[in-house]
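Okay, structure first, notes after.
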There are 2 protein chains.
Amino acid sequence: MTYTIKQVAEKTHLSIYTLRFYDKQGLLPFVSRDRSGYRAFTDGDLLLLHTLSCLKDTGMKISDIRQYMALVMQGPSSIPQRQQLLRAHRNAVLVQQHAIERNLQEVDRKLRLYDSPMATDLVGLELATAREEKIANGLPDPFPKHI
Amino acid sequence: MTYTIKQVAEKTHLSIYTLRFYDKQGLLPFVSRDRSGYRAFTDGDLLLLHTLSCLKDTGMKISDIRQYMALVMQGPSSIPQRQQLLRAHRNAVLVQQHAIERNLQEVDRKLRLYDSPMATDLVGLELATAREEKIANGLPDPFPKHI
DNA sequence: CTAAACCCTAGACCATACTCTATGGCAAGT
DNA sequence: ACTTGCCATAGAGTATGGTCTAGGGTTTAG
């Protein structure tokens, strides 16, 4: 049993365009063609496509995915390089996740401020201070006159 | 005390280019100009730039940051809209973080496979199976003959 | 045998977020 | 005054990751 590009698009939630784009970028060296030149995806191909999606969805760049897929094509001898690539990626993702977590905590702080009963006063004070800071430095006040 | 664009670039680790780009995109409506038309950043501006960085680094799009900054300019009356914007963003980020976590677990699974003592055998078997699947479907074998 | 519904490629186009170049004004030291 | 080093804008260029169109072959149901 093989699948057409349309069937694979439905299964993977990638568009046909994206699948062809990935193929053009060398991300699908494992996909064979039938006698008419049509891509024929096997179940094994779908597994590799799933791996591809995991890498893509964790932010791996196309050039790195291409490299990984090239290593997969080479068979078991490339396992050490695959490990190196995946471990580097895993680390980059974890670093990124922690950075996002930290930044999101600042967003949470803002949300708590806005939720507070004194939010209007505090925000108003902040604005008044910013306004005065501009004026104290001889700068035009960029804030609109509140009506 | 005010800061030039160069000093702000050093403090924020954003490039001068990026700062000017953000201004052009309407992300810095709070920054005033001096008599020469030079941007003069105040300490209050730096706080807003910090907020901007938090939003950017959690993946908020420029158009949404612009909207948030426009709300900030309007003063305390826009607090409800700010909450709505930040909460929507916070949710999107959390969803994204969980998706990444799930996908990273699949990467971890691969890494454990490659770490296992039977890695070579298992990967070799996988490749042999994929190869047979192609042949069984009358397709060319895309894998290189291993030497 | 023909029409509908697929498939293909090449290459143009788009969105996003910068990054840089060209050109010129301003400011401070010598 | 002049050189150095900032500042400004407009607009071109780059990188990334798609998305779509044009032109053409294939397959399948009627």
Side-chain angles (χ1 to χ4, degrees), chain A residues 2-29 31-42 45 49 52-69 89 92 96 100 103 137-140 142, chain B residues 2-29 31-42 45 49 52-69 89 92 96 100 103 137-140 142:
Chain A
T2 65
Y3 308 93
T4 67
I5 197 169
K6 193 186 188 194
Q7 292 170 320
V8 173
E10 279 155 10
K11 273 179 195 288
T12 59
H13 306 295
L14 297 170
S15 76
I16 290 179
Y17 295 143
T18 301
L19 286 166
R20 287 207 266 245
F21 169 70
Y22 286 169
D23 197 3
K24 218 189 300 194
Q25 294 301 309
L27 270 42
L28 315 180
V31 176
S32 291
R33 304 298 184 105
D34 67 15
R35 279 168 231 79
S36 308
Y38 291 11
R39 290 171 189 85
F41 294 80
T42 61
D45 293 348
L49 222 36
L52 190 159
S53 285
C54 287
L55 296 176
K56 177 186 76 95
D57 291 346
T58 51
M60 188 183 276
K61 283 199 289 184
I62 283 181
S63 56
D64 286 349
I65 300 178
R66 173 169 44 234
Q67 211 188 320
Y68 179 75
M69 289 304 168
H89 177 60
Q96 180 62 8
I100 289 177
N103 286 310
N137 283 291
L139 298 170
Chain B
T2 64
Y3 309 94
T4 66
I5 196 168
K6 193 187 188 193
Q7 291 170 322
V8 173
E10 278 156 10
K11 274 180 193 291
T12 60
H13 306 296
L14 296 170
S15 77
I16 290 180
Y17 295 142
T18 301
L19 286 167
R20 287 207 265 245
F21 170 70
Y22 286 169
D23 197 2
K24 216 188 305 193
Q25 294 300 309
L27 268 43
L28 315 180
V31 177
S32 291
R33 305 298 183 105
D34 67 15
R35 280 169 230 80
S36 307
Y38 292 10
R39 291 173 188 85
F41 294 79
T42 62
D45 293 349
L49 262 178
L52 191 158
S53 285
C54 286
L55 296 176
K56 178 186 74 95
D57 291 347
T58 51
M60 189 184 275
K61 281 198 290 183
I62 282 181
S63 56
D64 286 349
I65 299 177
R66 173 168 45 233
Q67 211 187 320
Y68 179 75
M69 290 304 168
H89 177 60
Q96 180 63 7
I100 289 177
N103 285 311
N137 283 291
L139 298 170

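The shown structure was predicted, so the numbers you read here are calculated from the model rather than taken from an experiment. Throughout, protein chains are lettered first and strands after them, A, B, ... in sequence-line order, and every chain is numbered starting at 1.
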Rounding to a whole Å, what distance do you find between [X]:[atom1] and [N]:[atom2]?
{"X": "B:Leu19", "N": "D:dT9", "atom1": "CG", "atom2": "C1'", "result": "16 Å"}
{"X": "B:Lys61", "N": "D:dG17", "atom1": "NZ", "atom2": "C1'", "result": "14 Å"}
{"X": "B:Arg20", "N": "D:dC6", "atom1": "CZ", "atom2": "P", "result": "12 Å"}
{"X": "B:Tyr17", "N": "D:dA15", "atom1": "OH", "atom2": "P", "result": "15 Å"}
{"X": "A:Arg66", "N": "D:dG18", "atom1": "CZ", "atom2": "P", "result": "13 Å"}
{"X": "B:Asp23", "N": "D:dC7", "atom1": "CG", "atom2": "C1'", "result": "13 Å"}
{"X": "B:Lys6", "N": "D:dC6", "atom1": "NZ", "atom2": "P", "result": "4 Å"}
{"X": "A:Tyr22", "N": "D:dT16", "atom1": "OH", "atom2": "P", "result": "14 Å"}

By side chain to side chain donor-acceptor pair (under 3.5 Å) - contacts of [X] (at least two apart):
{"X": "A:Ser15", "value": "A:Thr18"}
{"X": "A:Tyr3", "value": "A:Asp43"}
{"X": "A:Thr42", "value": "A:Asp45, B:Glu133"}
{"X": "B:Tyr22", "value": "none"}

Which residue pairs pass the salt bridge (Lys or Arg N to Asp or Glu O under 4.0 Å) test with at least one member in residues 9-25 of chain A, sequence neighbours excluded?
->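 For residues 9-25 of chain A: A:Asp23-A:Arg33, A:Asp23-A:Arg39.
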DNA chain C: 5'-most and 3'-most nucleotides touching chain A, 4.0 angstrom heavy-atom criterion =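 Extent of the interface on DNA chain C: C:dC6 to C:dG11.
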Phosphate OP1/OP2 of D:dG17: any A:Thr18 side-chain N/O under 4.0 Å |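 No, outside the criterion.
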Quick one: on DNA chain D, does B:Gln7 or A:Ser63 contact a more 5' nucleotide (nearest heavy atom)?
->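 Nearest nucleotide further toward 5': that of B:Gln7.
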Just grab all the side chain to side chain donor-acceptor pair (under 3.5 Å) pairs involving residues 53-63 of chain B, residues at least two apart or on different chains.
->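 As it turns out, the side chain to side chain donor-acceptor pair (under 3.5 Å) pairs with a partner in residues 53-63 of chain B, which skip direct neighbours, are B:Thr58-B:His89.
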Please tell me which of the listed nucleotides, D:dA8, D:dC20, D:dG18, lies nearest to the side chain of A:Lys56?
->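 Of the candidates, D:dG18 comes closest.
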Which atom pair, heavy atoms only, marks the closest approach of B:Lys6 to B:Ile16?
->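 Answer, listing the atom of B:Lys6 first, then B:Ile16: CA-CD1, 3.9 Å.
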Do A:Asp34 side-chain atoms and A:Ser36 backbone N/O form a donor-acceptor pair below 3.5 Å?
->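 Side chain of A:Asp34 to backbone of A:Ser36: a pair is present.
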With A:Gln67 via side-chain contact (heavy atoms from CB on, under 4.5 Å) - residues at least two apart =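 side-chain contact (heavy atoms from CB on, under 4.5 Å) check on A:Gln67 returns A:Asp64, A:Leu85.
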Results of side-chain contact (heavy atoms from CB on, under 4.5 Å) for B:Pro140 - residues two or more places apart only =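 Once residues adjacent in sequence are excluded, the partners of B:Pro140 under the side-chain contact (heavy atoms from CB on, under 4.5 Å) criterion are A:Ser32.
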Near DNA chain D, which residues from residues 32-41 of chain B have a heavy atom under 4.0 Å away?
->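 B:Arg33, B:Gly37, B:Tyr38, B:Arg39, in order of number.
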Take B:Leu49 and B:Leu52 through the side chain to side chain contact (heavy atoms under 4.5 Å, CB included) test and state the conclusion after the steps.
-> CA-CA 5 Å; B:Leu49 262 178; B:Leu52 191 158; 4.3 Å; yes
Each nucleotide N or O in nucleotides 10-12 of chain D that has a protein N or O under 3.5 Å away: list the pair and distance.
unit_1	atom_1	unit_2	atom_2	d
D:dG11	N7	B:Lys24	NZ	3.3
D:dG11	O6	B:Lys24	NZ	3.4

